Peer 1: 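Here's a structure for you.
Only this structure's heavy atoms are used, side chains among them; waters, hydrogens and symmetry mates stay out. Naming convention: chains lettered A, B, ... in sequence-line order (proteins, then strands); numbering from 1 in each chain. The shown structure was predicted, so the numbers you read here are calculated from the model rather than taken from an experiment.
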Amino acid sequence: MTSGRDFRTIGVVGLGTMGAGIAEVFARNGYDVVGIELAEDSLERGRQHVEHSTGRAVRRGKLSEEDQAALIDRIRFSTTLEDVKSCDLVVEAVVERLLVKQELLRRLDDIVAPDAVLATNTSSLSITEIATATGRPGRVVGLHFFNPAPVQDLIEIIGTS
Amino acid sequence: MTESDLLDDVAALARSLGKIPVVCGDKAGFIANALLFGYLNHAVSMFEGKYASREDIDAAMRVGCGYPMGPLALLDLIGLDTAYEILDTMYKQGRDRLHAPAPVLRQMVTAGLVGRKAGRGFYTYEASDSPVVVADALTPSADDEPQLRHDIRTVGVVGNGIMATGIVEVFIKAGFDVTHVADSTSLDDLGTVDIVVEAVAEDLALKTALFENLDGVCKPGAILATTTSSLPVISLAKATSRPQDVIGVHFFEPVPVKELVEIVSTVSTSSEVAETARALGDRIGKVVVSCGDSAGSVVNALLFPYLNDAVRMLEAHYATADDIDTAMKHGCALPTGPFELLDLVGNDVALAIQHRLYLEFREPGFAPAPLLGHLVMAGHIGRETGRGFRDHSGR
């Protein structure tokens with residue numbers, strides 16, 4: 001079953017509660033993460049979200065301080081969307097508006113490598129409709145994490161039709 | 001269309017995160033939300049129709065089904081605005097009336113009562129983003145604590161099944177004098193009891209005849225209670241000359257273990273009798289919820305349409321039974337998945353309850369899923385017969 005697609009670097013666009021949680025989950029499992037928020041203050045809130053969330057894990061004895069530091073180090077926080085250029089998979093977790101998500105995926109389609117995968121964390125929009133904004137609908141998937149992402153263990157994976 | 005091996009690769013990626021992946025098609029709500037939000041919307045409609053209080057709707061599902069949260073408290077956590085969006089998208093895609101957001105949801109969203117994040121939704125919270133519920137105008141006060149308006153010392157129980165013996169056990173444990181009549185043809189011993197709880201087979205003719213006879217035997221003022229889970233209580237009340245004293249007292253099996261009791265008041269039940277039944281439920285250590293006399297009370301009316309939706313999802317080949325069970329247990333923290341539960345309660349029971357719900361409400365979405373009927377016809381009832389949605393013969 002392992003066709004061997006190698007995901008190493010993961011982009012997460014939108015670092016609200018959901019996006020920050022997703023970035024944390026990937027970083028905690030050893031992936032290099034590029035976390036994007038377009039405004040400095042939102043980016044800072046995203047970073048704080050990861051710090052607070054992992055800080056709670058440290059206080060509960062579920063994560064060592066060294067591991068927490070390494071985890072945060074694995075996330076490169078940036079306000080420049082182009083920084084996801086070398087990512088193998090980019091997950092968007094921006095506001096639930098079709099046009100916003102389509103515009104974002106259109107831009108990501110131009111930025112990432114042709115074989116990179118674009119994923120949306122939408123919980124109510126059509127993956128297929130979002131994917132039509134790109135030239136790679138075959139490499140767009142729904143990756144539906146549940147809130148809070150670091151705690152909830154289900155992920156729904158949705159293909160476009 | 002998504003490249004075929006990509007879904008496997010992404011599932012492997014999810015597993016590398018310590019997560020449990022389920023794969024499904026591109027339909028609004030996917031698996032977990034599609035099944036969850038129909039149920040949540042139904043609970044909102046019950047609240048909106050004043051069929052039961054918010055506290056009782058939530059307690060019924062927590063205590064009756066072992067859910068971690070009641071549906072209205074969960075909506076406050078999710079956010080009513082988010083819930084509205086998801087339901088609205090689901091409705092527009094599938095045109096299932098049951099997904100059309102309940103009118104009160106829109107009203108509450110417009111009013112800014114969007115849940116915990118606003119400090120106010122179905123409940124009122126200490127502050128924005130606080131999980132601590134504080135009292136508001138809808139909170140029952142200490143004065144609402146039910147009292148025994150009728151003097152209840154002696155209890156009669158009719159029936160010879162596990163339900164009847166369980167009821168006898170809980171009343172004896174609570175210190176009541178109990179007269180147990182296993183055979184409903186010898187009711188004369190019930191002439192002096194203060195309340196009779198009937199737990200004979202779920203058969204309208206049998207129960208109607210029993211109520212006619214109890215009416216003749218029992219002293220004036222005695223309460224006549226039925227444990228029916230599927231028949232209208234009012235049709236039994238009509239068989240007596242004292243419909244004001246007839247009430248539904250719906251226990252769950254096994255009675256000594258299950259804490260919930262639903263008290264069903266008909267249009268004729270007196271408020272003193274209803275209050276007495278609630279107080280009596282408290283005395284025997286149960287969690288008591290009150291509701292009106294329509295099919296399924298609270299728990300079954302909310303539970304079975306959700307199970308039926310899961311069967312529809314399966315028969316549409318949208319996802320596998322395993323993935324649907326996984327999604328509901330891990331995505332919604334439910335104690336059992338819908339197909340595990342159906343095999344446990346029995347597809348015949350589920351079909352009968354769903355049929356009654358459909359006949360009463362005539363909601364197209366309540367019509368029993370054809371697959372459920374086919375399994376029953378084939379004798380695939382569930383664990384009881386060794387096979388239901390899954391094969392249990394080897395276990």
Side-chain angles (χ1 to χ4, degrees), chain A residues 1-8 10 17-18 21-22 24-31 88-89 91 95-98 115-120 122-131 136-161, chain B residues 1-34 36-37 77-79 81-93 99 117 129 318-319 323-334 337:
Chain A
M1 286 295 269
T2 51
S3 52
R5 193 181 274 271
D6 203 9
F7 297 107
R8 288 182 189 194
I10 308 293
T17 309
M18 204 68 219
I22 293 170
E24 177 186 330
V25 169
F26 278 107
R28 187 158 183 179
N29 288 280
Y31 292 90
D88 306 303
L89 177 140
V91 191
V95 64
E96 286 279 283
R97 295 267 173 267
L98 179 63
D115 63 344
V117 176
L118 299 179
T120 169
T122 184
S123 58
S124 63
L125 301 171
S126 160
I127 315 298
T128 309
E129 263 188 274
I130 295 171
R136 66 179 85 207
R139 284 184 299 287
V140 176
V141 293
L143 196 58
H144 187 216
F145 286 81
F146 288 71
N147 195 13
V151 179
Q152 299 275 31
D153 58 10
L154 185 72
I155 295 183
E156 288 172 322
I157 297 169
I158 304 101
T160 57
S161 44
Chain B
M1 210 157 139
T2 301
E3 293 167 9
S4 57
D5 58 344
L6 178 56
L7 294 175
D8 293 334
D9 292 345
V10 174
L13 174 68
R15 276 189 284 270
S16 79
L17 302 172
K19 304 290 186 191
I20 301 169
V22 294
V23 176
C24 58
D26 187 17
K27 265 185 69 178
F30 313 132
I31 299 174
N33 283 351
L36 178 70
F37 279 80
L77 176 63
I78 292 168
D81 48 348
T82 303
Y84 185 91
E85 287 295 322
I86 292 175
L87 281 165
D88 196 48
T89 308
M90 283 168 52
Y91 174 70
K92 283 174 177 155
Q93 198 175 92
H99 295 154
K117 61 188 169 189
D129 287 317
Y318 178 71
D323 277 359
I324 295 171
D325 276 353
T326 299
M328 298 319 288
K329 285 193 288 186
H330 293 274
C332 304
L334 304 189

Peer 1: What distance separates A:Asn147 CG from B:Ile78 CD1, expressed to the nearest 0.5 Å?
Peer 2: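 Nearest 0.5 Å value for the CG-CD1 distance: 10.0 Å.
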Peer 1: What option among A:Gly30, A:Pro137, A:Ser126 has the most heavy-atom pairs under 4.5 Å with chain B?
Peer 2: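 Ranked by contacts with chain B, first place is A:Ser126.
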Peer 1: If you look at every heavy atom in B:Phe30 and A:Ile127, which pair is closest and at what distance?
Peer 2: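 Heavy-atom minimum between the residues: CZ-CD1, 3.9 Å.
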Peer 1: Verify side-chain contact (heavy atoms from CB on, under 4.5 Å) between B:Val22 and A:Ile157, making sure each step is shown before the conclusion.
Peer 2: CA-CA 6 Å; B:Val22 294; A:Ile157 297 169; over 6 Å; no
Peer 1: Less than 4.5 Å apart, any side-chain heavy atom of A:Glu156 and any of B:Asp323?
Peer 2: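 Not in contact.
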Peer 1: Chain A heavy atoms under 4.5 Å from B:Thr326: which part of the residue, side chain, backbone, both or neither?
Peer 2: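 Interface part for B:Thr326: both.
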Peer 1: Any idea which heavy atoms bring A:Arg97 and B:Glu85 closest together, and the distance?
Peer 2: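 Taking A:Arg97 first and B:Glu85 second, the nearest heavy atoms are NH1-OE1, 4.5 Å.
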Peer 1: Hey, what do you get for CG (A:Asp115) to CG (B:Leu6), rounding to the nearest 0.5 Å?
Peer 2: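 The distance works out to 10.5 Å.
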Peer 1: Need one label for A:Val140: side chain, backbone, both or neither, based on atoms under 4.5 Å from any heavy atom in chain B.
Peer 2: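 For A:Val140, backbone heavy atoms alone lie under 4.5 Å from chain B.
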Peer 1: So which heavy atom on B:Leu17 is nearest to which on A:Ile155, and how close?
Peer 2: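 Between these two residues, the closest heavy atoms are CD1-CD1, 4.4 Å.
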Peer 1: Are B:Asp26 and A:Thr160 close enough that a side-chain donor and a side-chain acceptor fall under 3.5 Å?
Peer 2: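 Per modelled atom types, B:Asp26 and A:Thr160 side chains form no pair under 3.5 Å.
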Peer 1: How close do A:Phe7 and B:Asp9 get, counting heavy atoms only, and between which atoms?
Peer 2: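 Scanning both residues, the minimum pair turns out to be CE1-O, 3.8 Å.
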Peer 1: Side chain, backbone, both or neither: which part of A:Leu89 has a heavy atom under 4.5 Å from chain B?
Peer 2: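 When you check distances to chain B, only side chain atoms of A:Leu89 fall under 4.5 Å.
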Peer 1: Report yes if some heavy atom in the side chain of A:Tyr31 is under 4.5 Å from a heavy atom in the side chain of B:Ser16; otherwise report no.
Peer 2: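 They are in side-chain contact.
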Peer 1: Look at the side chain of B:Lys19 and the backbone N and O of A:Gln152, then say whether any donor-acceptor pair between them is shorter than 3.5 Å.
Peer 2: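 Indeed, once roles are kept as given, a pair shorter than 3.5 Å links the two residues.
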Peer 1: I'd like to know which of A:Ile10, A:Leu125, A:Val141 tops the heavy-atom pair count under 4.5 Å against chain B.
Peer 2: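 Ranked by heavy-atom pairs under 4.5 Å with chain B, first place is A:Val141.
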Peer 1: So does B:Glu3 pair up with A:Arg5, basic N to acidic O under 4.0 Å?
Peer 2: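 A:Arg5 and B:Glu3: salt-bridged.
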Peer 1: Heavy-atom pairs under 4.5 Å with chain A - which of B:Ala28, B:Ala319, B:Ala327 has more of them than the others?
Peer 2: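 Highest number of pairs under 4.5 Å: B:Ala327.
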Peer 1: Can you say whether A:Ala27 sits under 4.5 Å from chain B via the side chain, the backbone, both, or neither, judging by heavy atoms?
Peer 2: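 Contact with chain B: none, neither part.
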Peer 1: Which one, B:Ala11, B:Ala32, B:Gly29, leads in non-hydrogen pairs under 4.5 Å with chain A?
Peer 2: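 It is B:Ala32.
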Peer 1: If you look at every heavy atom in A:Ile158 and B:Leu7, which pair is closest and at what distance?
Peer 2: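 So the minimum-distance heavy-atom pair works out to C-CD2, 4.2 Å.
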Peer 1: Which one of B:Cys24, B:Ala14, B:Ala34 has the most heavy-atom pairs closer than 4.5 Å to chain A?
Peer 2: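 Result: the option with the highest number of such pairs is B:Cys24.
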Peer 1: Taking all non-hydrogen atoms of both residues, which atom of B:Ile86 and which atom of A:Ser124 are closest, and how far apart?
Peer 2: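 Answer, listing the atom of B:Ile86 first, then A:Ser124: CG1-CB, 3.9 Å.
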